[in-house]
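Accompanying notes for the structure given below.
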Amino acid sequence: MIDKNVLNSQQQLAVDTTEGPLLILAGAGSGKTKTLTNRIAHLIHDKKVDPFNILAITFTNKAAGEMRDRVCAMVGEGGERIWVTTFHSTCMRILRRHIDRLGYDINFTVYDSDDQKTVMKNVCKKLNIDTKSYKEKTLLNAISGAKDNLITAAEYSLETFGDFTKIVIARAYKEYQDQLKKSNAVDFDDIIMLTVQLFKENPEILEFYQDRFKYISVDEYQDTNKAQFELIRLLADKYRNLCVVGDDDQSIYKFRGANIRNILDFEEFYPDAKVIKLEQNYRSTQTILDAANAVIANNRSRKSKRLWTAEGAGHKIRFMQLDNAYEEADTIVDEISTSVRRDGCSYNDFAVLYRTNAQARLIEERLVIRGIPYNVVGGTNFYARAEIKDMIAYLKTIENGLDEVALRRIINVPKRSIGTATIDKLLDFAEITDDSLYGAMQNADNISGLGKASLKIGAFVKLIEGRRAEISKIGIAETLKKIIEETDYYEYLKDQDEESADDRISNVDELVNKAVAYEETAEDPSLTGFLEEVALVSDIDNIDNGDGRVLLMTLHSAKGLEFPRVFIAGMEDGLFPGMTTISSGDNEDMEEERRLAYVGITRAKEYLTITCAKMRMLRGETQFNPVSRFVREIPGELIDGMVPGNRLSRSDFDEDDYERRYSSGRPSARLKSYATPEARKPAMQSEIKNLNAIAGLSKGMPAANPGELSFKTGDTVRHRKFGTGVVTSISKEPRDYKVTVDFDAYGTKIMYASFAKLEKV
DNA sequence: TTTTACTTCGTTTTT
DNA sequence: CGAAGTAAAA
């Protein structure tokens, strides 16, 4: 590794090229962040550009944060005045000030994909769209694609060309958009598209921001879509000081609307653009780079680039084909623990990458058995959890009473006797009076036929109004606490599901903590700001690898990261590249998969191990997959281990042996979602214990056999919460007794004996 | 209204 | 195979 402060000639050239359009083609590990930060420092120090006039856009909050820190460290005073943000936060800031020009209220809320689905369900119901033939997700994808390409609902309906599917989409699009607007809400795609629309319709606003952002840089440019391109094009149009940095070989988000042509056609759009290639790699060994180069060379639509390093060849790439996915997981984990013992490296030197999240499971299991600390990156988002969404919905309702998705989520949660019938009456009234649902609730006294429900509605409105009135005084965290208290939310969680209540309560507590943290750190804390952060920040931004854990993640999540030792698991034709990509025969899709392989390979600094399985269970089907074509594209001399090219068949396996070892009596790890991997571990541990017990690995495990109960059918028992009741039946399960109890006060409940802690009375 | 039984359907997803 | 969602039943 060279001196952090010394730039190579190409990097220096990029730093010095401050005026006019500039395309930096930065290969993996070529020090592009360093170049970008130095370039900004150069603008401020040497070119005397006011930091106020600089805009640096990245894709993730994490990248933005890192760059902000590095820029601040370099330029010192004034550095914090640079806008270093994501596309979405940039646009949010602009929309917060001007969205009234587009007919929205300034306190609009943001809908996540969950909310979008809720809206789309309503849309389909209202328009009588058969969700069997047109799934919500498909419709939303189509709409999202349209928005990425700046096509409005009206425009879409003009371009259906009689295609029935498109006509349906057009209708859904229009209604969906109407509902969002009625709720004074925007979705992620709107955030970009509406900003572009705002600029196009209001030249004076555009010019204000053009004058503000005289120097613009965009990172990960290969992942921009048309709307994002249009946005920066507009912003840069006056001064034309636009610097984009990207690597066409790392464009892996086409399915989300990223347009690789943005980078490939940059020079056509800006004929005076300067192009600088950063090809010297400071991350990986030459062997790893050679492999990456060889693989990506099979792609046709790309700008030619060849990574090289001044460092040595390093170790060969290891390749192992295992019999099945269990062996694969076992081998990987074994390698990790052996390396740690032998080489004295630490767990956080390792990352295991895979194509699909589902692959994490088996590897996780093995890691738990070995007691190796790990973290699974991605998966379920903290803010997507039901209990968190409930709390957020309360806050959203306080912020924006028009937000119908939020309101309907909590209108009867916890139960307050405002059922569907009542809601329908309210909606009818709202329709007639051209008011919102919340507006109707405020007028509940004037609506006939609500009966007792109007009292309940009044209480709910009072709750919301009360919080709304004092939130600016007492703050967000306190407001949350009051909501929890007033609604008796924790009790509600316990009622819902005794078993998961503790986890969920700690999740909610965690949200309160986040609110506290937000109020302490934000320069101008507000409910608006908090909700925005919640909507725009995912917890993937919080991965740090300083705590000695092996990281497990998808290849997509790994982009932008690096690790001394990398495993890429499941490199099989049929899994990576996936079956759909192979059978579609679409070369563009295949090239995207190949770029993903390229991203994976280039994450490794010193060691790269590639594994695959001959036999793998996929979607309940046993598959026999050949070694991935991407592995076969790596020159043999770089690989330690033989790469078989032949197709595998069933006869290659001793199926009886397989059954005996991996299938019989094997309980599937029924893991629920937990807030953190830590929270999930106890459940895993007991799962594994059972697994071992059944596999006979450790004998006499009492957990597998519930033993005897202190009561029998007909006995009266006491439950901590439900009081006393009569046992009506007991059934024996592999691991526990399932007891049915008819409680005096709570009716009949079925529960597991080990959880319910029933006492004979 | 709540629980249970059955069907359906599957990549990746920075915001 | 399993999650998630839906229909049916209690």
Side-chain angles (χ1 to χ4, degrees), chain A residues 57-64 85-92 110-113 117 121 131-132 135-137 141 144 148 186-192 219-220 222-225 227-228 250 252-258 325 353-359 361-362 377-381 383-384 412 415 417 419-421 495-497 532-541 543 553-561 570 574-582 584 589 592-593 595-597 599-600 616-623 663 666 668-673 740 746-750:
Chain A
I57 295 178
T58 62
F59 265 79
T60 66
N61 294 293
K62 189 168 186 258
T85 49
T86 63
F87 268 105
H88 292 264
S89 342
T90 305
C91 291
M92 281 298 277
V110 178
Y111 278 2
D112 65 16
S113 48
K117 209 174 165 200
K121 270 186 183 159
T131 50
K132 285 252 163 60
K135 277 169 281 170
E136 289 96 339
K137 216 178 117 193
N141 272 335
S144 172
D148 287 344
V186 301
D187 64 23
F188 282 122
D189 303 308
D190 282 337
I191 293 173
I192 311 290
D219 198 3
E220 305 282 11
Q222 75 280 356
D223 290 328
T224 52
N225 59 36
Q228 289 162 333
Q250 291 190 66
I252 54 174
Y253 284 103
K254 183 184 152 195
F255 68 94
R256 281 205 86 249
L353 312 180
Y354 36 78
R355 180 65 238 263
T356 65
N357 279 124
Q359 290 169 256
R361 253 227 170 93
L362 282 179
V377 177
T380 3
N381 187 337
Y383 294 107
N412 201 30
K415 292 265 164 346
S417 313
T420 353
D495 281 347
Q496 284 286 295
D497 182 37
E532 214 161 290
E533 188 164 306
V534 165
L536 263 34
V537 176
S538 74
D539 48 352
I540 215 153
D541 295 317
I543 54 161
M553 68 184 95
T554 62
L555 288 149
H556 280 90
S557 309
K559 199 182 73 171
L561 306 175
L575 183 62
F576 183 33
M579 205 54 230
T580 34
T581 309
I582 294 170
S584 81
D589 288 352
E592 173 132 331
E593 291 281 297
R595 289 192 289 271
L596 196 52
V599 167
R616 181 186 298 273
M617 196 70 129
L618 218 64
R619 290 205 218 135
E621 256 186 306
T622 307
Q623 305 222 308
S663 302
R666 188 179 176 282
S668 56
R670 244 177 278 283
L671 295 172
K672 316 179 53 154
S673 36
T740 311
Y746 286 83
T748 304
K749 304 261 179 192
I750 295 171

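Throughout, a chain's letter reflects where its sequence line sits, starting with A, and its residues are numbered from 1.
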**OP:** Taking only Lys NZ, Arg NE, NH1 and NH2, and the carboxylate oxygens of Asp or Glu, determine whether A:Lys254 and A:Asp589 approach each other closer than 4.0 Å.
**Re:** yes
Going by the rule side-chain contact (heavy atoms from CB on, under 4.5 Å), which residues pair with [X] if we only count those two or more places apart in sequence or in a different chain?
X	answer
A:Glu532	A:Met92, A:Arg96, A:Thr528, A:Leu536
A:Ser113	A:Gln116
A:Asp219	A:Lys32, A:Leu36, A:Thr58, A:Met67, A:Val245

Take atom [atom1] of [X] and atom [atom2] of [N], then tell me their distance rounded to the nearest Å.
X	N	atom1	atom2	answer
A:Asp495	B:dT3	CG	C1'	15 Å
A:Lys137	B:dT11	NZ	P	6 Å
A:Phe576	B:dT11	CZ	C1'	11 Å
A:Gln359	C:dC1	CD	C1'	15 Å
A:Asp190	B:dT15	CG	C1'	13 Å
A:Ile252	B:dT14	CD1	C1'	9 Å
A:Leu575	B:dG10	CG	P	17 Å
A:Asp223	B:dT15	CG	P	12 Å

Given [options], the nucleotide with the shortest approach to the side chain of [X]:
X	options	answer
A:Arg256	B:dT12, B:dT13, C:dA3	B:dT13
A:Phe59	B:dT14, C:dA3, B:dT13	B:dT14
A:His88	B:dT11, B:dT15, B:dT13	B:dT15
A:Thr554	B:dT12, B:dT2, B:dT14	B:dT12
A:Thr581	C:dA3, B:dT11, B:dT13	B:dT11
A:Thr86	B:dT15, C:dC1, C:dG2	B:dT15
A:Arg355	B:dT15, C:dG2, B:dT11	B:dT11

Original post:
At under 4.0 Å between heavy atoms, what does A:Thr58 touch on the DNA or RNA strands: base, sugar-phosphate, or nothing?
Top reply: nothing
Original post:
Under 4.0 angstrom, heavy atoms only, what part of the nucleic acid is A:Glu220 near: base, sugar-phosphate, or nothing?
Top reply: nothing
So, is [X] close to the [N] phosphate, meaning a side-chain N or O under 4.0 Å from OP1 or OP2?
X	N	result
A:Arg619	B:dT8	no
A:Asn225	B:dT15	no
A:Lys135	B:dG10	yes
A:Ser557	B:dT13	yes
A:Asn61	B:dT15	yes

Quick check: closest heavy atoms across [X] and [Y], and the distance to 0.1 Å?
X	Y	result
A:Phe188	A:His88	O-CE1, 3.3 Å
A:Ile192	A:Phe87	CD1-CB, 3.9 Å
A:Gln250	A:Asp223	O-OD1, 4.2 Å

Original post:
Do A:Gln228 and A:Phe59 come within less than 4.5 Å of each other through their side chains, counting heavy atoms only?
Top reply: yes
Original post:
Got a sec, which residues hit side-chain hydrogen bond (donor to acceptor under 3.5 Å, both in side chains) with A:Asp190, two or more places apart in sequence or on another chain?
Top reply: A:Lys147, A:Gln177
Original post:
If each of A:Gly578 and A:Thr420 is mapped to the nucleotide of DNA chain B with the nearest heavy atom, which maps nearer the 5' terminus, i.e. the 5' end?
Top reply: A:Thr420
Subject >> Whichever of A:Gly419 and A:Thr356 has its nearest DNA chain B nucleotide further upstream toward 5' >> reply: A:Gly419
Original post:
Hey, mind stepping through A:Asp189 and A:Ser144 against side chain to side chain donor-acceptor pair (under 3.5 Å) and telling me if it holds?
Top reply: CA-CA 6 Å; A:Asp189 303 308; A:Ser144 172; 3.0 Å; yes
Original post:
DNA chain B: stems of at least 3 consecutive Watson-Crick or G-U pairs, cut-off 3.5 Å?
Top reply: B:1-10 with C:1-10
Original post:
Does the aromatic ring of A:Tyr253 sit over the six-membered base ring of B:dT13, closer than 5.5 Å centre to centre and tilted less than 30°?
Top reply: no
Original post:
Given the P atoms of B:dT12 and C:dG5, what is the spacing between them in whole Å?
Top reply: 16 Å
Original post:
How far, in whole Å, is B:dT13 from C:dA4 if one measures between their P atoms?
Top reply: 15 Å
Original post:
What string of B, S and - do you get for nucleotides 5-10 of chain C 5' to 3' if you count protein non-hydrogen atoms under 4.0 Å?
Top reply: ------
Subject >> Aromatic centroids of A:His556 and A:Phe255 separated by under 6.0 Å >> reply: yes
